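Read the structure below first, then the notes.
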Amino acid sequence: MSRIATIDIGTNTTLLLIAEAREGTIAVLDDRAEITRLGRGIGGDGRLGQEGIDRTLAVLSGYAVLARVHEAPIFAIGTEALRRAPNAADFLSRAAALLDTPVEVVDGEREAALTFLAA
């Protein structure tokens, strides 16, 4: 039995999938999608807005609890807003502390490949 929790921190939504491999099949243990709008409020300076940061960190905190309940290691990625925002490093350090793992910010090509695989 092998479990994993994946988190996708996007510009508008923050997704969680907790799954388990069982005898050649994949069982979904939990699947969540929250509209957190991390990219909302990005102004002329390109910075993440505090409201989106706070909302996303609150959701990540809850997702971390769910992953721990399921005893699933977390693998987290960040996408467009975290690639561009000059204050992304502050958000990423706070997110990593909540999740007990770093958030990998993927480039656009990797994001597209992961989206294709998920479909």
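All figures in this text were calculated on a predicted structure; none of them were measured in a lab.
- Within 6.0 Å of the CD atom in Gln50, the count of heavy atoms belonging to other residues, nucleotides or ligands exceeds 12.
- Nearest heavy-atom pair, Ala5 versus Ala72, reported as atom, atom and distance to 0.1 Å: N-CB, 3.8 Å.
- Of the possible donor and acceptor atoms, one in the side chain of Arg83 sits under 3.5 Å from a partner among the backbone N and O of Val106.
- Counting only heavy atoms from C-beta outward, the side chains of Ile53 and Arg94 approach each other to under 4.5 Å.
- No chain of hydrophobic side-chain contacts below 4.5 Å, direct or via other Ile, Leu, Val, Met, Phe, Trp or Tyr residues, connects Leu98 to Leu17.
- Distance check: Ile4 CD1 to Glu20 CD gives 12.0 Å after rounding to the nearest 0.5 Å.
- When side chains are defined from C-beta on, Leu38 counts as touching Phe91, because their heavy atoms get closer than 4.5 Å.
- Residue Asp30 holds its CG atom at 5.0 Å from CD1 of Ile18, rounded to the nearest 0.5 Å.
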Test side-chain contact (heavy atoms from CB on, under 4.5 Å) on Asp100 and Ile74; report intermediate values, then the result.
CA-CA 8 Å; Asp100 291 328; Ile74 297 171; over 6 Å; no
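- From Thr14, atom OG1 reaches atom CD1 of Ile35 across 10.0 Å, with rounding to the nearest 0.5 Å.
- Nearest heavy-atom pair across Thr11 and Ala81 is OG1-N, 3.3 Å.
- A distance-only check finds a donor-acceptor pair linking the side chain of Ser93 to the backbone of Asp90 [under 3.5 Å].
- Hydrophobic cluster membership is shared by Leu66 and Leu60, with clusters built from Ile, Leu, Val, Met, Phe, Trp and Tyr side chains linked at under 4.5 angstrom.
- Linking Ile, Leu, Val, Met, Phe, Trp and Tyr residues whenever their side-chain heavy atoms come within less than 4.5 Å leaves Ile9 and Leu15 in two separate clusters.
- Hydrophobic clustering of Ile, Leu, Val, Met, Phe, Trp and Tyr side chains at less than 4.5 Å, counting indirect connections, unites Leu57 with Leu48.
- When all heavy atoms are compared, the tightest approach of Arg3 to Pro73 is O-CD, 3.3 Å.
- A distance of 10.0 Å separates CD1 of Ile77 from CG of Leu82, quoted to the nearest 0.5 Å.
- Distance alone, capped at 3.5 Å, is enough to place a donor-acceptor pair between the Arg55 side chain and the Thr36 backbone.
- In terms of modelled atom types and a separation under 3.5 Å, the side chain of Thr56 and the main chain of Gly52 share a donor-acceptor contact.
- Separation of atoms CZ (Arg68) and NE2 (His70) is listed at 13.0 Å; rounding is to 0.5 Å.
- Considering every non-hydrogen atom in both Pro86 and Gly46, the closest pair reads CD-O, 3.2 Å.
- To the nearest 0.5 Å, atom OG1 of residue Thr6 and atom CZ of residue Phe75 are 10.0 Å apart.
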Evaluate Thr79 against Asp8 for side-chain contact (heavy atoms from CB on, under 4.5 Å), listing each step before the verdict. CA-CA 8 Å; Thr79 60; Asp8 175 348; 3.8 Å; yes
